Amino acid sequence: KQEVTQIPAALSVPEGENLVLNCSFTDSAIYNLQWFRQDPGKGLTSLLLIQSSQREQTSGRLNASLDKSSGRSTLYIAASQPGDSATYLCAVRGTGGFKTIFGAGTRLFVKA
Amino acid sequence: DTGVSQNPRHKITKRGQNVTFRCDPISEHNRLYWYRQTLGQGPEFLTYFQNEAQLEKSRLLSDRFSAERPKGSFSTLEIQRTEQGDSAMYLCASSLVGGPPNEQFFGPGTRLTVL
């Protein structure tokens, strides 16, 4: 059974700092891994998706990496801004179907 | 607006009542997913449709829950005889078969409160 864990659960950083969010999963037989952002009381916004054959994806100040063998992904945010404050969720889709398993998220607060 | 839409955005109901939520996916997206999210947790998968066929269903989806996608476009999620434990955010997502690369796009969610 796939389990997804995100560490830390919460993070507070000053504006301008570079930071790394971690996601780990127990079953390496994945189809893809997707990072989302969720603002309070809102739906999810897709940030980056990494296919199982890929090692990383980049979009603007965001870079996501994937190491299937160790069951880990990281989301790197460069030069953080107060507008980056949100919950960041990692989601894994397995190879055996379309069920997607989410982590509980990392709540990020960037102080101005 | 070409994104995923959900209605209503908020629903307050009394225990024992039936409720129905609607999801309109992105046009031409043939895959549709329902999730439930409680406070402080990530979304939990409920069910998945490809066109009008319901292909996967979580054990979380008890007999009181039913989902349909009759014409392969919009979908409805009905909860019968609601319980206080059903209070949650219900999220819908859609994706495109063969799209690059089967990325899921989420709607704003329907927040259900059962009194």
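What you see is a predicted model, and the numbers here were worked out from it, not measured in a lab. Chain A is the first sequence line, chain B the second, and so forth, proteins listed ahead of strands; every chain is numbered from 1.
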With a 4.5 angstrom heavy-atom cut-off, which part of B:E44 approaches chain A: side chain, backbone, both or neither?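 No part of B:E44 comes within 4.5 Å of chain A.
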Portion of B:Q41 that has a non-hydrogen atom of chain A nearer than 4.5 angstrom: both
Measure A:L44 against the heavy atoms of chain B and call it side chain, backbone, both or neither at under 4.5 Å. both
Presence of salt bridge, B:E78 and B:R64, under 4.0 angstrom: no
Would you call A:R61 and A:D84 a salt bridge, using N to O less than 4.0 angstrom? yes
Pick from A:K42, A:Q38, A:Q6: which one has the most heavy-atom pairs with chain B under 4.5 Å? A:Q38
Is it true that B:V114 and B:L61 fall in one hydrophobic cluster, defined by side-chain heavy atoms closer than 4.5 Å? yes
Would B:L55 and B:Y33 show up in the same hydrophobic cluster when neighbours are defined by side-chain heavy atoms closer than 4.5 Å?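 Yes, same cluster.
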Between B:T76 and B:T20, do the side chains contain a donor N or O and an acceptor N or O under 3.5 Å apart?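 Looking only at side-chain atoms, B:T76 and B:T20 do not form any donor-acceptor pair under 3.5 Å.
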Can you see whether B:Y35 engages B:Q104 through a side-chain donor-acceptor pair at a distance of less than 3.5 angstrom? yes
Any residue of residues 100-112 of chain A which, by heavy atoms, sits under 4.5 Å from chain B: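 Listed by number, the contacting residues are A:T100, A:F102, A:G103, A:A104.
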So, do A:F98 and B:F45 have ring centers that fall under 6.0 Å from each other? no
Using a cut-off of under 4.5 Å for heavy-atom pairs, which of B:P43, B:A93, B:P108 has the most such pairs with chain A? B:P43
Donor-acceptor contact present, side-chain A:E3 to main-chain A:T26, <3.5 Å: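 Absent.
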